[in-house]
Amino acid sequence: MEPTTATRSEDLYARAKEILPGGVSRNTVLRHPHPIYVDHAEGCRVVDIEGVERIDFANNMASLIHGHAYPPVVEAVSAQMRRGSAFSLGTEVEIRFAEHMLSRCDVFEKIRFVNSGTEAVMGALKAARAFTGRPKVAKVEGAYHGLYDYAEVSQTASPDRWGPAERPNAVPVAYGTPERALADVVVLPFNDIDGSLAILEEQADELACVLLDVMPHRVGLNPAEPAYVEALRAFTAERRILLVLDEVITFRGQVGGAQKWYHIEPDLTALGKMIGGGFPVGAIAGRAEVMEVMNPLNSPLLFPHSGTFSANPVTMTAGLTAMSHFDEAAVAHVNDLTLRAKDGIEAAIAASGARACVTGGGSMLRVHIKEHPPRNYREAYLDAEERKLIRVLLAHLFDAGIIAINTCTMCMSTVMGVEEVDTLIAMLGEGLDHVAQLQR
Ligand code: PMP
């Protein structure tokens with residue numbers, strides 16, 4: 001018999017492909033030539049089933065603020081599991097977690113929990129429609145907001161379809177998206193005040209809300225220019241259009257979210273990822289008057305809203321524990337580590353001579369194979385050459401024991417220290433030397 005050289009991950013993937021489309025349930029797990037399967041993880045280190053250990057700067061797509069198997073969460077969740085995991089009755093921990101979340105941000109007057117960021121954005125858009133009685137939503141070109149038809153429009157627009165820069169086309173993501181759904185999505189050019197306001201002015205009478213992520217990952221992970229955010233807030237307030245912030249990722253930026261970087265008050269905020277303490281979660285938080293559309297004690301009830309696993313006590317316990325430990329000091333720790341990483345990476349870019357740059361804010365950063373930080377989706381868009389070089393860089397990092405998000409984005413967790421950050425800088429430096437050679 002031929003000796004087999006297949007790794008265990010390779011074998012598992014062969015089985016997975018037989019039963020899951022593409023062998024995965026989420027596309028981000030795919031790697032070339034096959035996904036790597038995890039054995040266990042602790043703190044910021046993940047060990048795969050081959051026994052290889054890596055430092056995790058992906059943190060499950062920026063959803064783990066305290067890394068893996070965080071002892072306070074493990075303990076609290078284990079205790080809750082022994083008491084049951086889901087009921088069609090209420091639990092006190094939902095109320096305690098809601099009180100905690102409201103204490104983090106003044107504009108959170110009421111909150112409702114769901115099970116994912118997709119669901120949170122969907123709920124916020126439906127609440128905005130119910131509140132205003134208007135059908136359309138506006139969003140920024142290229143911004144990722146999950147899978148809801150209306151939220152995903154133009155997330156992956158390509159140059160052959162995206163249309164004029166100051167007036168982007170509404171480009172579907174999924175084949176079969178109804179034209180009628182596309183017609184109800186208004187796509188805005190990020191950071192372009194005049195362009196965006198001109199479009200909004202035309203659509204104002206039909207708009208329920210503007211949906212905005214102030215540091216959209218796919219648009220370059222560059223914080224929105226303050227004047228842009230302020231202009232959108234002023235316009236929406238004047239025209240009684242709601243401003244919905246998507247803080248599914250960015251809430252890690254401050255105790256009260258990245259909205260605290262700007263002098264604005266959104267009407268609604270969609271939350272998710274980190275606030276679940278490692279468990280599936282989403283939440284819609286905002287002005288009491290708007291949240292009232294979900295109040296089932298009202299008649300008529302404007303927006304009936306439910307979910308079998310919404311506010312289950314396991315997620316509520318994990319979330320409350322994780323968020324209680326993500327206080328001012330913890331925020332400062334991860335944000336300081338990120339500043340150190342950004343400085344180090346900038347120096348490494350300069351030393352390597354690579355045409356590259358780094359963007360980010362709070363506890364996240366992204367390396368671009370571009371000379372200048374992108375201001376919008378079109379500037380962040382990767383051509384074939386840049387795509388290839390990003391893959392080279394990511395492969396180098398992975399082989400050097402570092403897990404990053406597949407756009408070459410990294411995020412910190414509270415269990416990291418200077419040592420991990422300096423390792424990241426050193427390994428990125430090596431990878432950038434390689435990139436610089438290929439660029440010559
Ligand atoms: N909004 C943003 C900004 C996100 O980054 C994501 C997930 N990457 C979502 C919404 C959707 O969240 P989920 O994957 O939990 O549905």
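Throughout, numbering of the chain's residues begins at 1 and tracks the sequence. Atoms within a ligand are numbered from 1 in the order they appear, just like the ligands themselves. Quantities reported herein were computed from a predicted structural model and do not represent experimental measurements.
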Which ligand 1 atoms does [X] reach within 4.0 Å, using its non-hydrogen atoms?
X	value
Ile249	5 (O)
His145	1 (N), 10 (C)
Ser116	15 (O), 16 (O)
Asp213	3 (C)
Asp246	1 (N), 2 (C), 3 (C), 10 (C)

Which heavy atom of the protein is the closest neighbour of [atom], given with residue, atom name and distance?
atom	value
atom 12 (O) of ligand 1	Gly117 CA, 3.2 Å
atom 11 (C) of ligand 1	Thr118 N, 3.5 Å
atom 4 (C) of ligand 1	Tyr144 CD2, 3.7 Å

Answer yes or no: is there an ion pair linking [X] with [Y], defined by an N-O contact shorter than 4.0 Å?
X	Y	answer
Arg54	Asp48	yes
Arg287	Asp267	yes
Glu202	Arg167	yes
Glu18	Arg15	no

(request) Establish, yes or no, whether a centroid distance under 6.0 Å links the rings of Tyr70 and His325. (result)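 When the ring centroids of Tyr70 and His325 are compared, they turn out to be within the sub-6.0 Å range.
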(request) Using distance alone, with no hydrogens and no angle criterion, decide if Ser363 and Arg252 have a side-chain donor and acceptor under 3.5 Å apart. (result)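 Looking only at side-chain atoms, Arg252 and Ser363 do form a donor-acceptor pair, the distance falling under 3.5 Å.
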(request) Could you tell me whether atom 14 (O) of ligand 1 has a protein heavy atom closer than 4.0 Å? (result)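 It does not; no protein heavy atom is within 4.0 Å.
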(message) Test of understanding: given a 4.0 Å heavy-atom threshold, classify the contact between Lys273 and ligand 1 as side chain, backbone, both, or neither.
(response)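 Answer for Lys273: side chain.
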(request) Answer yes or no: is there a side-chain heavy-atom contact under 4.5 Å between Ile405 and His217? (result)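 With C-beta onward as the side chain, the pair touches.
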